[in-house]
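Report on the structure given below.
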Amino acid sequence: MVRIRIRAIGKIKESFIRDAIADYAKRMCSFCQVECIEYPEAPVPDTHPSTIEMACVSEGEKLCSGIDSLDYVIILDRTGKQVSSEGLAEVIRRCEIEGPYQLVFIIGGPHGLSKDCLQKGNIILSLSAMTFPHQIARLLLYEQLYRAFTIIRGLPYHR
Ligand SMILES: C[S@@+](CC[C@H](N)C(=O)[O-])C[C@H]1O[C@@H](n2cnc3c(N)ncnc32)[C@H](O)[C@@H]1O
């Protein structure tokens with residue numbers, strides 16, 4: 001069974017988003033092992049660009065540390081490549097058949113991801129040209145992962 005690790009900055013504060021994520025995680029549990037590891041937001045004591053950049057670098061180091069070189073790493077960023085739901089399903093299907101069996105998704109915090117971190121992925125994935133709050137980006141990712149598994153298994157969810 002393919003393992004999916006989501007590495008994300010910050011907690012999900014809104015209970016309705018937490019509930020929706022938990023619902024998709026439950027629906028996916030017979031298709032994959034999905035786990036989310038949350039890292040704390042780095043402190044941003046002022047709004048100077050260099051302070052924000054330092055926070056992004058520090059968060060990026062935590063998000064990318066300890067990733068196995070065999071993992072397939074997908075970094076979520078607005079500037080990345082947009083793929084269809086079928087395209088994401090194909091990436092997962094290939095991992096299920098050929099490996100690597102662990103997919104890692106990385107989601108930044110309120111200030112986004114450092115340049116260094118963006119270079120550590122196998123792909124940078126854009127969910128849209130629009131910017132979402134990290135909590136919504138995480139929920140969208142869970143929904144798209146669930147959708148991908150229903151596409152792979154031919155289940156009547158994706159239309
Ligand atoms: C509030 S956003 C960061 C905004 C930051 N100004 C930037 O442009 O990256 C927080 C995180 O959510 C994810 N995210 C938000 N919108 C996204 C999108 N359209 N596609 C992919 N990921 C997105 C990214 O991982 C991002 O680092």
Side-chain angles (χ1 to χ4, degrees), residues 2-25 27-28 32 34-68 71-95 100 102-152 158:
V2 72
R3 281 195 301 265
I4 295 178
R5 295 283 174 273
I6 298 166
R7 293 171 158 237
I9 295 294
K11 291 197 175 305
I12 301 291
K13 293 181 184 138
E14 310 298 338
S15 60
F16 68 96
I17 301 178
R18 255 201 323 271
D19 291 349
I21 288 175
D23 181 55
Y24 285 117
R27 292 196 214 183
M28 269 188 283
C32 65
V34 61
E35 181 196 8
C36 182
I37 305 154
E38 292 176 336
Y39 299 87
E41 279 178 32
V44 182
D46 60 66
T47 55
H48 194 277
S50 65
T51 311
I52 292 172
E53 178 58 23
M54 269 167 58
C56 292
V57 168
S58 150
E59 290 175 353
E61 282 168 359
K62 282 184 216 138
L63 286 168
C64 296
S65 75
I67 292 180
D68 194 301
D71 292 347
Y72 194 79
V73 182
I74 300 181
I75 304 206
L76 269 72
D77 190 83
R78 184 185 54 81
T79 62
K81 185 178 173 197
Q82 289 186 23
V83 299
S84 63
S85 298
E86 289 84 355
L88 180 63
E90 182 55 22
V91 170
I92 295 173
R93 195 190 63 81
R94 261 192 278 124
C95 284
Q102 180 152 287
L103 276 154
V104 175
F105 288 86
I106 291 183
I107 305 178
H111 302 290
L113 293 160
S114 64
K115 288 193 193 89
D116 254 22
C117 181
L118 286 173
Q119 285 170 1
K120 301 243 163 77
N122 295 86
I123 3 172
I124 302 177
L125 174 68
S126 171
L127 298 167
S128 155
M130 294 178 181
T131 301
F132 301 116
H134 64 96
Q135 301 188 82
I136 300 287
R138 201 189 305 182
L139 173 56
L140 287 173
L141 174 62
Y142 270 82
E143 193 279 336
Q144 284 301 309
L145 289 172
Y146 174 66
R147 184 176 292 274
F149 281 106
T150 66
I151 291 169
I152 295 166
H158 178 63

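Note that ligands are numbered from 1 as they come in the structure, with each ligand's atoms numbered from 1 the same way. Atoms considered below: every heavy atom in the structure, side chains included; atoms not considered: hydrogens, waters and symmetry mates.
Legend: residues meeting side-chain hydrogen bond (donor to acceptor under 3.5 Å, both in side chains) with Glu143, ordered by chain and number and at least two apart, are Arg147, Tyr157.
Salt-bridge formation is not detected for the pair Lys62/Glu59: no Lys NZ or Arg NE/NH1/NH2 atom is positioned less than 4.0 Å from an Asp or Glu carboxylate oxygen.
No more than 12 heavy atoms of other residues, nucleotides or ligands sit less than 6.0 Å from atom CE of Met54.
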May I have a table of the N/O to N/O pairs between ligand 1 and the protein that fall below 3.5 Å, each row giving the two atom names and the distance to 0.1 Å?
residue: ligand 1; atom: 16 (N); partner: Phe132; partner atom: N; Å: 2.9
residue: ligand 1; atom: 19 (N); partner: Ser128; partner atom: O; Å: 2.9
residue: ligand 1; atom: 19 (N); partner: Met130; partner atom: O; Å: 2.6
residue: ligand 1; atom: 20 (N); partner: Leu127; partner atom: N; Å: 2.8
residue: ligand 1; atom: 22 (N); partner: Asp77; partner atom: N; Å: 3.4
residue: ligand 1; atom: 25 (O); partner: Leu76; partner atom: O; Å: 2.6
residue: ligand 1; atom: 25 (O); partner: Gly108; partner atom: N; Å: 3.0
residue: ligand 1; atom: 27 (O); partner: Gly108; partner atom: N; Å: 3.4

Validation: residues 37-45 side-chain donor-acceptor distances under 3.5 Å, sequence neighbours left out:
residue: Glu38; atom: OE2; partner: Arg138; partner atom: NH1; Å: 2.9
residue: Glu38; atom: OE2; partner: Arg138; partner atom: NH2; Å: 3.2
residue: Tyr39; atom: OH; partner: Arg7; partner atom: NH1; Å: 3.4

Can you list, pair by pair, the side-chain donor-acceptor contacts under 3.5 Å of residues 114-124, counting residues two or more places apart and other chains?
residue: Ser114; atom: OG; partner: Cys117; partner atom: N; Å: 3.2
residue: Asn122; atom: OD1; partner: Val73; partner atom: N; Å: 2.7

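When side chains are defined from C-beta on, Gln102 does not count as touching Asp68, because their heavy atoms never get closer than 4.5 Å.
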